[in-house]
Protein chains: 2
Amino acid sequence: MTAAKNDKLTIRDIAALAGVSAGTVSRAMNGQPGVGASTRARIAEIIAEHGFRVDPTARQLSTGRSRTLGVLFPLHASEVVLHPVYPALLGALGDAAERAGYDLLLLTMSGQKSAHVLDTVTRRRVDGVVLPAAGARDPIIKQLVALGAPTVLIGHRSTLPGVGWVDCTHDVAAAELTQLMLDAGRRSLVLLNGPTHVSACKLRSAGFWSAIKAAGDISARETSVPFDTAAAAAAALDLLRGDNPPDAIVCASDTIAAGVLDAARTLGLSVPDDLAVSGFDDRSFAVHTHPALTTVRMPLHDTGHAAAHMLFAMLGDEPLTSRRIILPTEVVIRDSTPQP
Amino acid sequence: MTAAKNDKLTIRDIAALAGVSAGTVSRAMNGQPGVGASTRARIAEIIAEHGFRVDPTARQLSTGRSRTLGVLFPLHASEVVLHPVYPALLGALGDAAERAGYDLLLLTMSGQKSAHVLDTVTRRRVDGVVLPAAGARDPIIKQLVALGAPTVLIGHRSTLPGVGWVDCTHDVAAAELTQLMLDAGRRSLVLLNGPTHVSACKLRSAGFWSAIKAAGDISARETSVPFDTAAAAAAALDLLRGDNPPDAIVCASDTIAAGVLDAARTLGLSVPDDLAVSGFDDRSFAVHTHPALTTVRMPLHDTGHAAAHMLFAMLGDEPLTSRRIILPTEVVIRDSTPQP
DNA sequence: CCGGTTTACGCAACCGGTTGCGTTATCTTG
DNA sequence: CAAGATAACGCAACCGGTTGCGTAAACCGG
């Protein structure tokens, strides 16, 4: 057996084996100067032979670094995993962390109980924090920067100094979809937006209106509904039965779009001929709706990856990169909009 | 300000404030005997006033416990979060951990690179491990028990001594669905199963065949396909075009069932009149297919919850419970099977 | 009021690494 | 070859808690 088990070796055991002091072993392991070449080689050999691994807890206690990144959601964990985009972000962050030799600590925060999270950061159980669900109003962001914790936001373009963020082009995607509707001859559009305090929804609104403004004489409205299929269906029924019913509805999420499809079916409208519908998120069910949903795929894997590496750069592990990154989205055209 | 910030207080600072030794503060904090009532009260007051919090790293170094539970997936993180059931389990585990004051460390393991994971366990960065994706063949399970790590499996009924597990009644659910088909008069059934090495698929097969056997003179077959809509569609086309085409297909997942629905549509078959179809998992898209899918909802939240508390019991935090738990499933009847 | 037990608390070692500083050995260079 | 510079390494303190053991004071019954 070479580098197998034999647990619980300490650095002083290795030092004794090599006939040196513990400090020398530590320096040799960490590639620091002050160790002779032959000694270094001998120590490396002994470490490999006995399968010694440093105790991360002890190292952390003396260095103050844990090689762990925290992923913080101001939600219950069970809410996180049901979300359309958070799980994918978490997965990408996990991949990047594993590849960089970091561990991933999942931090959840029900309500405003930030004490435990701040404590975890203060005590350096995590070296930095990614917030994939950061809202503009969350006080936790300011608290984290006040603590000096390297912080990266996803989906919220904060202006706070020191914090980095990664976001994607919600506005461009919304504009593209809107233009798609206009190009197909639709002249009465509605943006069925999500809650307007959500950063992504603000951007989607901006994209929608910029395309409308550029087109000139178009009838356009915007309404806000929760990210909920039933609520969206009710809102869509109102719109479609009211004055000047829309011939195209741009929705801020696939769940909302699913509600619109339900409403269209209820009224016997044909999609996309009578009504064009688009979603956002490209959730798994988007391909199973009837008709299959035109939607927007966000670069979730790249986003998580970029956020992780931005954090590693802040921690000094990698060369500095930009602290503000905007990644491109991709419009996925299916059958709920007219074919170009 | 009472219990606000003022970071970096040590237990010796508190001891000096209270006019006692660090050891006494430690004992007072942890509710150990050997501290007078008045001293205890004074220490508690000073701790509250200054907002002192123990350093979990230092505590871990001396006690060997981290109040952290590991969730181990022998996969890449990005594969985990795309899975139909793992995210929900992760969420439930996270909720339970937060409520119990535990942190959650996400451990992923690409390929057979178990060294880092075993190291994390050996060094007690986690007090115990939950494996929501345990396969019968995984050597990691034996390695964990060899290390003496409290281990709880989800979805794999291991016979190894010491390990606990939580599973649900895949067999009963499959039998119920099969019986549903039989009660509706279907006489040519197919189980379109997933990969047969998956524990849940074995159970689903057993349930299917037990219902068939009990019914007597029935034509029944079983085929295995990957959990993939396109592959399932191809297999279903073969079956439906072949001799003795089935009038009911019980599928081992919603993704497989979606493929069967696609095949039925291709052939112009009416579901459920010509062909009854059922899925498994109750994924979000099951309600959006046409017709909406009859499927099985698994008690994912309860499963995660039970696994977490079984682990806490093993760690001595809670009274002992059973180490083998089987939770009931729920058949969700929608429109892809004949109404009873 | 006294011997013996219990209680309250301090002291110091320990968990397992890291690191500043001092000492000795080796290497330059004039 | 002597003197100064440099490299290699040991020593011990330190990170911030926990805990076994020793001791002095408070308590007990007789």
Side-chain angles (χ1 to χ4, degrees), chain A residues 6-44 46-47 50-68 119-127 316, chain B residues 6-44 46-47 50-68 119-127 316:
Chain A
N6 205 340
D7 34 13
K8 299 299 179 50
L9 277 177
T10 75
I11 203 174
R12 288 173 229 268
D13 295 330
I14 301 299
L17 263 334
V20 296
S21 76
T24 301
V25 175
S26 173
R27 282 180 255 264
M29 284 195 322
N30 299 338
Q32 291 175 8
V35 184
S38 65
T39 310
R40 199 179 287 271
R42 182 157 34 94
I43 290 174
I46 292 176
I47 286 178
H50 292 79
F52 166 76
R53 317 212 66 187
V54 302
D55 184 327
T57 307
R59 171 175 282 175
Q60 179 186 346
L61 184 58
S62 71
T63 63
R65 294 199 44 178
S66 54
R67 283 198 82 81
T68 300
D119 193 41
T120 301
V121 171
T122 310
R123 296 307 192 172
R124 294 280 161 189
R125 285 209 68 190
V126 297
D127 293 336
Chain B
N6 206 338
D7 33 13
K8 299 302 181 48
L9 277 177
T10 77
I11 200 173
R12 288 173 230 268
D13 296 330
I14 301 299
L17 262 335
V20 296
S21 77
T24 300
V25 175
S26 174
R27 281 180 255 263
M29 283 195 323
N30 299 340
Q32 291 175 7
V35 184
S38 65
T39 310
R40 197 179 290 270
R42 182 157 35 96
I43 291 174
I46 291 177
I47 286 178
H50 292 79
F52 167 75
R53 316 213 67 186
V54 302
D55 184 328
T57 307
R59 172 175 281 173
Q60 179 185 347
L61 185 59
S62 73
T63 63
R65 296 199 43 178
S66 54
R67 283 197 84 80
T68 300
D119 193 42
T120 301
V121 171
T122 312
R123 296 307 192 170
R124 295 281 161 188
R125 284 208 68 191
V126 296
D127 293 336

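Reminder, nothing fancy here: chain letters follow the sequence lines and each chain counts from 1.
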(request) Search all heavy atoms of Val54(A) against all heavy atoms of Asp119(B) and return the closest pair with its distance. (result) O-OD2, 4.2 Å
(message) I need the minimum non-hydrogen distance between Ile11(A) and Phe52(A), along with the two atoms involved.
(response) N-CE1, 3.9 Å
(request) Scan Gln60(B) against the nucleic acid and name what it touches under 4.0 Å (heavy atoms): base, sugar-phosphate only, or nothing. (result) nothing
(request) Answer with base, sugar-phosphate or nothing: what part of the nucleic acid does Thr10(B) contact at a heavy-atom distance below 4.0 Å? (result) sugar-phosphate
(request) Give a yes or no answer on whether the side chain of Arg42(A) reaches the backbone of Ala18(A) with a donor-acceptor pair at less than 3.5 Å. (result) yes
(request) Using five base pairs at each end, measure the axis-to-axis angle across the helix from dC1(C)-dG30(D) to dG30(C)-dC1(D) and round it to 10 degrees. (result) 30°
(message) Just verifying a value: how many Å separate Thr57(B) OG1 and Leu61(B) CG, rounded to the nearest 0.5 Å?
(response) 9.0 Å
(message) Protein within reach of the bases, or only the backbone? For nucleotides 4-9 of chain C, mark each nucleotide 5' to 3' as B, S or -, using heavy atoms under 4.0 Å.
(response) ----SB
(request) Classify the nucleic acid contact of Thr63(A) as base, sugar-phosphate or nothing, counting any heavy atom under 4.0 Å across all strands shown. (result) sugar-phosphate
(request) Over all heavy atoms of both residues, which pair between Ala15(A) and Ala22(A) is shortest? Give the atoms and the distance, please. (result) CB-N, 3.6 Å
(request) Return the set of residues passing salt bridge (Lys or Arg N to Asp or Glu O under 4.0 Å) with Arg124(A) (not counting sequence neighbours), or none when no residue passes. (result) none
(request) Could you tell me from which nucleotide to which nucleotide of DNA chain D, 5' to 3', there is an atom under 4.0 Å from chain A heavy atoms? (result) dA8(D) to dG17(D)
(message) Is any side-chain heavy atom of Arg125(B) closer than 4.5 Å to one of Thr68(B)?
(response) no
(request) For Ala22(A) and for Arg12(A), find the nucleotide of DNA chain D with the closest heavy atom, then tell me which residue's nucleotide is more 5'. (result) Ala22(A)
(request) Give every residue pair that meets the side-chain hydrogen bond (donor to acceptor under 3.5 Å, both in side chains) criterion with at least one member in residues 20-30 of chain A, sequence neighbours excluded. (result) Ser21(A)-Thr24(A), Asn30(A)-Arg59(A)
(request) Compare every heavy atom of Gln60(A) with every heavy atom of Arg123(A), then report the nearest pair and how far apart it is. (result) O-NE2, 3.7 Å
(request) Could you list the residues that satisfy salt bridge (Lys or Arg N to Asp or Glu O under 4.0 Å) with Arg65(A), not counting sequence neighbours? (result) Asp127(A), Asp317(A)
(message) Run Thr122(B) and Arg53(A) through side chain to side chain donor-acceptor pair (under 3.5 Å) and show every step you take.
(response) CA-CA 10 Å; Thr122(B) 312; Arg53(A) 317 212 66 187; over 6 Å; no
(request) For Gly23(A) and for Asp55(B), find the nucleotide of DNA chain D with the closest heavy atom, then tell me which residue's nucleotide is more 5'. (result) Gly23(A)
